[in-house]
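As structure tokens, the structure follows; a few thoughts come after it.
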2 protein chains.
Amino acid sequence: MIDDWAAREQIVTAADRLFYGRGVQAVGMDAVRAQAGVSLKRIYALFPSKDDLVVAVLHHRSRRWDAGLAAATATVESPRDKLLAVFDFLADWFVEEDFRGCAFINSFGELGALSPQVAAAAREQKASFQGYVAALVRAAGAPESLAPQLAILAEGAQTTAAIAGTPDAARQARDAAATLIEAALAPARTPA
Amino acid sequence: MIDDWAAREQIVTAADRLFYGRGVQAVGMDAVRAQAGVSLKRIYALFPSKDDLVVAVLHHRSRRWDAGLAAATATVESPRDKLLAVFDFLADWFVEEDFRGCAFINSFGELGALSPQVAAAAREQKASFQGYVAALVRAAGAPESLAPQLAILAEGAQTTAAIAGTPDAARQARDAAATLIEAALAPARTPA
DNA sequence: TAAGATAGAGAACGATGGTTCTCAACGCAA
DNA sequence: TTGCGTTGAGAACCATCGTTCTCTATCTTA
């Protein structure tokens, strides 16, 4: 038998793929069991309810997102380039064949009104992302107000790419971000 | 008895409120019947399936959105101000107490993978909005590339405001839009 | 007024889902 | 080897949902 840690991993990974691909409510726990290869009894021993599993999946995705973002921004040096690398990270993601938008946005729309835990998980992930962007903005020496603007661009790119079914939004958002960054830094370069 | 037109209206309005507030799959047809005050038989005579009703609700929302947007941009003269008025329109929307994000984004996330009709309705609405912004951008004399950038800002503001639970994103997106518009128009003002 | 069509209320039906339970198989300690 | 505890497979259970059907009451029209 596999240990609890590996079982959790398999269950969460399987549930993530299914929930993300079809939506949470469209996936029964039996489908999770089949995909994970773990008995229902075991699943319920590790996750007391489907809602708990959903929250675990979101936390798992949040960690993966953080790691991917850190890796993407680690490839360049300057804070300005790191900010733009965020949009390159999105571009790479949008072309993946199973891309279906942001799981947090999707889950929030589907379950946010029903599950406070899901709503909180989405809120935390977005706040974390905004904090990450804000740190890069500070490092770049740009005014704080730039951070939410860039975060909004990233969010919009995700939904736009998902619904349109094309990755164009990543480049468009990147171009807009470059313009906003330049404008934010310009006054500092040429003070009155 | 009420006529078909009024019945359709009541059903769609009731379903819209319920679907938007709780998510589509969380609302049973019986809840729609109760809220609409129209018998299930009548509902199914007018909408052969729940999926058809969902699509009708989305089309209804699309018309309301178009009208609201047209009204909001009609209050100002210049194309540039009309573009900014889009974000004021969002700001007014975000402070409504039942605001829960964009119904098209939410529906797409919940049902896009299951219902091609729902996916198409979302895609059409977003394309229509992008077209509207593109027309304003053209009228403002700015390069075409500005339009998707502003549209992405608007999308991002909607999801950000919904998940954060605050209307701040409208102002932030508006500020970003003003910067992008200015940057897009600047080269035209000072040609080489 | 009487017959017939129609509509509404809600029961009924079949499917599905989340969750729990049964039971047989297995591993392990004495 | 013999119990005992644990596990997995899946049946079972109960609720809910989309959809249809039944039955009664109402309205129309001649």
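In the text below, chain A, chain B and the rest are named by the order of the sequence lines, each starting its count at 1.
Going from atom CD of Gln10(B) over to atom C1' of dG8(C) covers 14 Å, rounded to whole Å. A straight line from CD1 of Ile43(B) to P of dC17(D) spans 14 Å, rounded to a whole angstrom. Spacing between atom CG of Asp30(B) and atom P of dA11(C) amounts to 10 Å, rounded to whole angstrom units. In this structure, the CZ atom of Phe47(B) is 15 Å from the P atom of dG18(D), given to the nearest Å. Atoms CZ (Arg42(B)) and P (dA7(C)) sit 7 Å apart, rounded to a whole Å. Rounded to whole Å, the distance from CG on Asp52(A) to P on dT19(C) is 9 Å. Protein atom CG of Leu46(B) is 14 Å distant from nucleotide atom P of dT19(D), rounded to whole Å.
Between Ser49(A) and Arg33(B), the residue anchored closer to the 5' end of DNA chain C is Arg33(B), taking for each the nucleotide with the nearest heavy atom.
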Taking it one step at a time, do Gln130(A) and Thr160(B) satisfy side chain to side chain contact (heavy atoms under 4.5 Å, CB included)? CA-CA 10 Å; Gln130(A) 297 227 7; Thr160(B) 299; 3.6 Å; yes
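For Tyr20(A) (side chain) and Ala15(A) (main-chain N/O), no donor-acceptor pair under 3.5 Å exists by modelled atom type.
Under the 4.5 Å side-chain heavy-atom criterion for Ile, Leu, Val, Met, Phe, Trp and Tyr, Phe108(A) and Val118(B) are members of distinct hydrophobic clusters.
The cationic group of Arg42(A) does not satisfy the cation-pi geometry with Phe47(A), failing either the under 6.0 Å distance to the six-membered ring centre or the 45° limit from the ring axis. Taking the ring axis of Phe104(A) as reference, the NZ or CZ atom of Arg61(A) does not stay both within 45° of it and closer than 6.0 Å to the ring centre.
The ring pair (Phe, Tyr, Trp, His ring centres under 6.0 Å) contacts involving residues 60-96 of chain A comprise Trp65(A)-Phe89(A), Trp65(A)-Trp93(A), Trp65(A)-Phe129(A), Trp93(A)-Phe99(A), Phe94(A)-Phe99(A), where partners must be two or more places apart or lie in separate chains.
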Could I get a table of every N or O pair under 3.5 Å where one atom is in the protein and the other is in nucleotides 14-17 of chain C?
none

Protein-nucleotides 20-28 of chain D N/O pairs under 3.5 Å:
none

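Ionic pairing of Arg63(A) and Asp66(A) is not present here: no N-O contact between side-chain nitrogen and carboxylate oxygen is shorter than 4.0 angstrom.
For the side chain to side chain contact (heavy atoms under 4.5 Å, CB included) criterion with Arg174(A), the lone passing option out of Val86(A), Leu84(A), Thr179(A) is Leu84(A).
Using modelled atom types and a 3.5 Å distance limit, the side chains of Thr13(A) and Asp16(A) yield no donor-acceptor pair.
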